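To start, the structure itself, in structure tokens.
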Amino acid sequence: MPTIMIEGFDYNYGKGGPVDLKLTWYVISDNFYSAFVSSGGVLAPPVTIANENGKVSIFLNYKSYYLRFHIRAFAKSLSKDSAAYYTGWSVVDSTLIPEATVVTSVPYKNAFAGTISMVDSTLTTGAKLGINTTTPRAPLDVANTNTDTVTSILGRLPDGNSSGDGTFLGVKAYKANTYNIPMFGLISKYGGSLNCGVIFNRGQITGGYLTFLTNNGTEKMRLDSGGNLMIGVKTAGAFKLAVAGTIGAKKLTITQAGWADYVFQPDYKLPALAAVEEHIHTNHKLPDIPSAQEIETKGLDVAEMQKLQMQKIEELTLYLIEEHKANVKLQQEVAELKARLDRK
């Protein structure tokens, strides 16, 4: 059950650095068990161990400009774990021999406990990774507090990535030192130019709202703190949905209380046609229907107008029924008069 230490330096310009590999395993019935390697340096090459004619060979599948290292070994307690078994190392620039047996790929395994400090970041107990903070408050805490700055990049695409700050989806932090201005933004850039995004705007402590950017990063939609949605406008007025344009839909369902079926109730007083005629001559509109000027200034309540139109349709139906009854009665009277004349 040896511990093998491979230490040195990789002279691979721009990519190399310290070499610090520690390799362990144990052998039962000529098979390798619990083989692991850990790295404390910058080099982590694929590692394979094998039996080459009764000797353990360690194969590092890596080659650079100049790799310089030495090997140490440690073992204890078993009869064969003595210094004599860790002498006479030979280092060759080759792969394993064809006759090698029990060829085993060794996985990397590193474990850390406590607080591990790194440049501008820290990994703390409790599986919390902080960047630019030594006291992360979440599993990942990016604590770059620079304002008007893209603080983290979530993904990049190669197309356009060589222009400006590139093509990416990222998180931007704004100043947010007064009310009703951006705090954070999830933004998308193409070739360094703002394309679209979702901006989280500050209220006071509460009262935040969302703005949605498209095309060239200009605001096209807003969801305010009261849950009002605005498309093409920035104030909702008295509306839950304010749209500066035409709405197209295949179907529209509106719930409305107090539908106009009350016209058919026995106690409903149907306006006299003479009174309706007088109202039309005086006001140039039907009774109860808003005027053109009211529609222009206040807008049209679609649900209310549908109810009023149904009221007029039902009233018109009653007028037609009454007219039909009078017409039938008149026809009967005419028939009776004709019959009298025929008998004379």
Side-chain angles (χ1 to χ4, degrees), residues 179-180 198 201 203-212 219-344:
Y179 304 150
N180 299 324
V198 180
N201 299 273
Q204 296 186 22
I205 297 175
T206 60
Y209 59 96
L210 299 176
T211 53
F212 300 84
E219 180 181 336
K220 297 296 191 299
M221 187 168 68
R222 177 178 295 205
L223 181 63
D224 70 15
S225 59
N228 304 310
L229 182 62
M230 293 142 277
I231 302 175
V233 294
K234 295 184 179 180
T235 56
F239 307 109
K240 293 299 292 183
L241 172 63
V243 180
T246 303
I247 299 175
K250 291 184 177 180
K251 185 176 180 181
L252 178 64
T253 300
I254 300 176
T255 58
Q256 172 76 3
W259 195 238
D261 289 347
Y262 52 78
V263 172
F264 296 138
Q265 296 299 321
D267 58 349
Y268 181 74
K269 295 182 179 180
L270 186 65
L273 282 174
V276 174
E277 181 184 15
E278 182 180 355
H279 187 280
I280 291 174
H281 285 313
T282 303
N283 301 287
H284 307 290
K285 67 181 188 67
L286 286 171
D288 303 322
I289 300 298
S291 66
Q293 184 178 3
E294 288 179 292
I295 297 297
E296 289 176 3
T297 57
K298 298 180 181 180
L300 175 66
D301 185 332
V302 176
E304 182 65 18
M305 180 57 70
Q306 285 292 106
K307 184 185 76 170
L308 292 175
Q309 288 178 342
M310 181 56 64
Q311 176 185 335
K312 298 308 171 186
I313 292 171
E314 292 178 353
E315 288 178 349
L316 180 60
T317 301
L318 292 178
Y319 289 132
L320 287 173
I321 291 173
E322 292 297 324
E323 187 68 21
H324 175 71
K325 289 179 179 179
N327 189 40
V328 170
K329 183 178 180 180
L330 180 60
Q331 289 178 359
Q332 290 175 347
E333 291 176 351
V334 169
E336 290 176 0
L337 289 173
K338 184 178 179 182
R340 290 177 185 176
L341 291 172
D342 290 342
R343 289 194 295 268
K344 288 182 177 182

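When reading the values below, keep in mind they use all heavy atoms of this one structure, side chains included, and skip hydrogens, waters and symmetry mates. If you read the sequence from its start, that first residue is 1, and numbering goes on from there. Since we're looking at a predicted model, the values are computed, not measured.
- Proximity of Asn201 to Thr211: side-chain heavy atoms (C-beta onward) are separated by under 4.5 Å at one or more points.
- The side chain to side chain contact (heavy atoms under 4.5 Å, CB included) test applied to Tyr179 returns Arg202, Gln204, not counting sequence neighbours.
- Listed by chain and residue number, nothing satisfies the salt bridge (charged side-chain N to carboxylate O under 4.0 Å, His left out) test with Asp301 (two or more places apart in sequence, or in another chain).
- The line from CG of Leu229 to CG of Leu223 is 6.0 Å long, rounded to the nearest 0.5 Å.
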Which pairs would a plain distance check flag for residues 249-277, meaning a side-chain donor or acceptor within less than 3.5 Å of a matching protein atom at least two apart in sequence or in another chain?
residue	atom	partner	partner atom	Å
Tyr262	OH	Gln311	OE1	2.8
Tyr268	OH	Glu315	OE2	2.3

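- No side-chain N or O of Asn283 forms a donor-acceptor pair with one of Ser291 less than 3.5 Å apart.
- Partners of Glu304 according to the salt bridge (charged side-chain N to carboxylate O under 4.0 Å, His left out) rule, which considers only residues two or more places apart in sequence or in another chain, are Lys307.
- Between Tyr209 and Arg222, the closest side-chain pair of non-hydrogen atoms falls below 4.5 Å.
- The CG atom of Leu320 sits 11.5 Å away from the CD1 atom of Ile313 when rounded to the nearest 0.5 Å.
- For Glu278, the side chain to side chain contact (heavy atoms under 4.5 Å, CB included) partners are Thr282, not counting sequence neighbours.
- Applying the salt bridge (charged side-chain N to carboxylate O under 4.0 Å, His left out) test to Glu314 and every residue at least two apart in sequence or in another chain returns nothing.
- The side chain to side chain donor-acceptor pair (under 3.5 Å) test applied to Gln309 returns no partner, not counting sequence neighbours.
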For residues 326-341, please give each side-chain donor-acceptor pair under 3.5 Å, one per line with the distance, not counting sequence neighbours.
none

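- Atoms CE and CG, on Met310 and Leu316 in that order, are 11.5 Å from each other to the nearest 0.5 Å.
- For the side chain to side chain contact (heavy atoms under 4.5 Å, CB included) test, no residue two or more places apart in sequence or in another chain qualifies with Ser225.
- Residue pairs that meet the salt bridge (Lys or Arg N to Asp or Glu O under 4.0 Å) test with at least one member in residues 283-296, sequence neighbours left out, are Asp288-Lys312.
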Under 3.5 Å, sequence neighbours excluded: what are the donor-acceptor pairs made by side chains of residues 230-245?
residue	atom	partner	partner atom	Å
Lys240	NZ	Gly226	O	3.1
Lys240	NZ	Asn228	OD1	3.1

